[in-house]
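Take a look at the structure set out below.
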Amino acid sequence: MRRILVTGGAGFIGSHLCKRLLDEGNEVVCLDNFSTGSRKNIQPLLAHPYFELLTHDIAVPLTLEADRIFHLASPASPVRYQHQPVMTVRTNVLGSLTALEIARATGATILQASTSEIYGDPEVHPQVESYWGNVNPIGPRSCYDEGKRCAETLFFDYRRQYGIKIKVARIFNTYGPLMAADDGRVVSNFIVQALRGDDITLYGDGSQTRSFCYVADMIDGLLRLMDTGPDFTGPVNLGDPHEATMRELAETILRLTGSRSHLAFKPLPKDDPKRRCPDITLAKKELGWRPTTSFEEGLTATIDHFRKLL
Ligand code: NAD
Ligand code: UDP
C-alpha cells in the first residue's frame with residue numbers, strides 16, 4: 001500500500017483523484033485549505049479508513065510522510081485566481097516549494113498539475129510541449145500563468161539540484177461532475193445558466209476555442225504519468241484535442257439540456273487566449289494515453305450532475 005499526498009484534494013480534479021486512488025487500494029492524505037474546493041466533494045471519502053484530511057495552506061511549510069505526491073493545490077478558474085492574485089502567486093510559488101521540500105525529505109515522486117496557460121495566447125497551434133509560449137507577464141492572468149511557469153522552473157531546478165523525481169503534466173481545460181456551480185469557468189457557467197433558463201454569457205463573439213477533456217480521462221492520464229519510469233519527467237500535454245468554439249459549446253449545451261435560454265454577448269476578458277488545442281503525440285507515445293469519452297457523453301454526465309445539484 002502506498003501513502004499518497006494529494007494537495008488540493010478537495011477540489012474538482014483532486015476529489016476525483018482521491019477517490020480513484022482509494023479505490024485502487026492506496027492510503028490517501030488530502031491536503032486542502034478549502035479556498036476553492038469543497039468539503040462536499042470529499043464527504044463520501046471521510047469514512048474511509050485509509051483517507052486522511054489535512055486542512056492546511058500549502059504555502060506554509062510542513063513535513064509529512066508520503067511515497068507519492070500529486071501537487072494540485074491552486075485556484076484554476078480565471079474568476080477565482082484573479083480575485084486574489086497575490087494569493088495565487090503565493091500558492092503556486094511558495095506552495096510548490098513546500099510540496100517539493102516534502103518530496104526532497106521523503107524521496108517521494110512528485111507530479112505537478114501544470115496547465116495549458118503556460119502557452120498563454122499561443123502562436124503555435126496545436127500546442128506542442130517544445131513551444132515556450134506567449135505570456136503577458138503583467139496582465140490580469142499573469143498571477144496564474146507566471147505562477148505556474150515559475151512552479152515548472154522550480155520542479156526542474158529541484159531535479160537538477162537535488163535529484164528529485166518529478167513529473168509535469170500540462171493540463172488542458174477539464175470538465176465533469178463535481179465542478180462548483182459558481183466556479184466561473186465556461187462549462188459550469190453555461191450548464192447552470194441553461195438549466196436555470198438564464199441568459200448564456202458568451203464572452204466576445206464566441207469564436208475563441210478551447211479543447212475540453214472529461215475528468216475521468218484526465219485522472220487516467222495523471223495516474224499513467226505518475227507510473228512512468230524515473231527518466232520521464234514531461235512536461236507532457238494532457239487534454240482532449242477535440243477543439244470547439246465557445247459558441248459551439250453554448251449551442252451544444254442548449255441542445256443537450258433542451259433549454260430555451262438565449263445567448264447574451266459580453267465583453268471578452270483581457271488577454272483571453274484566442275485558441276487552445278493540445279498536441280498529445282507525446283502522451284500517446286510515453287503514456288499510451290488518449291481521451292476516450294466523447295464530448296456529448298461527458299457533457300451529458302456533467303449536466304446530470306448539475307441537474308441533481310440545482
Ligand atoms: P479547484 O479550484 O477545483 O481545486 C483546487 C484545490 O486547491 C481546491 O480544493 C482549493 O481549495 C485548493 N487550494 C487552493 N489554494 C490552496 C492552498 N494555498 N493550500 C491548500 N489548498 C489550496 O481546481 P481544479 O480544476 O480541480 O484544478 C486542480 C489543479 O489542476 C490546479 O492546480 C489547476 O491549476 C490544475 N489545472 C486544472 C485545469 C482544469 O481545467 N480543471 C486545467 C489546467 C490545470
Ligand atoms: N467564457 C465565456 N462565458 C463564460 C465563461 C467563460 O464565454 O461565462 C469563455 C472565456 O472567455 C474563454 C473560454 O470561455 O474564452 C474558457 O474560459 P474559462 O474561464 O473556462 O477558462 P480558460 O480556458 O480561459 O482558463
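Residue indices begin at 1 and follow the sequence shown. From a predicted model like this one, the values you see are computed outputs, not experimental measurements. Just follow the structure's listing: the first ligand is 1, and inside any ligand the first atom is 1.
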For [X], atoms of ligand 2 separated by under 4.0 Å from a heavy atom:
X	result
Arg276	22 (P), 23 (O)
Asn189	4 (C), 5 (C), 8 (O)
Met246	13 (C), 14 (O)
Arg185	19 (O), 20 (O)

Is it the side chain (CB and beyond), the backbone, both or neither of [X] that lies under 4.0 Å from ligand 2, heavy atoms counted?
X	result
Asn173	side chain
Arg210	side chain
Lys274	neither
Asp272	side chain

Heavy-atom nearest neighbour in the protein, as seen from [atom], with distance rounded to 0.1 Å:
atom	result
atom 2 (O) of ligand 1	Thr36 OG1, 2.6 Å
atom 3 (N) of ligand 2	Thr201 O, 2.6 Å
atom 18 (P) of ligand 2	Val186 N, 3.9 Å
atom 2 (C) of ligand 2	Tyr203 CD1, 3.3 Å

Does the residue [X] have a heavy-atom contact with ligand 2, meaning some pair of atoms that are separated by less than 4.0 Å?
X	value
Gln193	no
Lys266	no
Ser77	no

For this session: Look at the side chain of Arg210 and the backbone N and O of Pro273, then say whether any donor-acceptor pair between them is shorter than 3.5 Å.
Result: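 Indeed, once roles are kept as given, a pair shorter than 3.5 Å links the two residues.
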Problem set entry | Ligand-residue contact atoms, ligand 1 with Phe34, heavy atoms, under 4.0 Å |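 Contacts of ligand 1 toward Phe34, numbered from 1: 11 (O).
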For this session: Fit a plane to each ring of Phe295 and Phe212, take the angle between them on a 0 to 90° scale, and name the class: parallel (under 30°), tilted (30 to 60°) or perpendicular (over 60°).
Result: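 Taking Phe212 first and then Phe295, their aromatic rings lie parallel (interplane angle under 30°).
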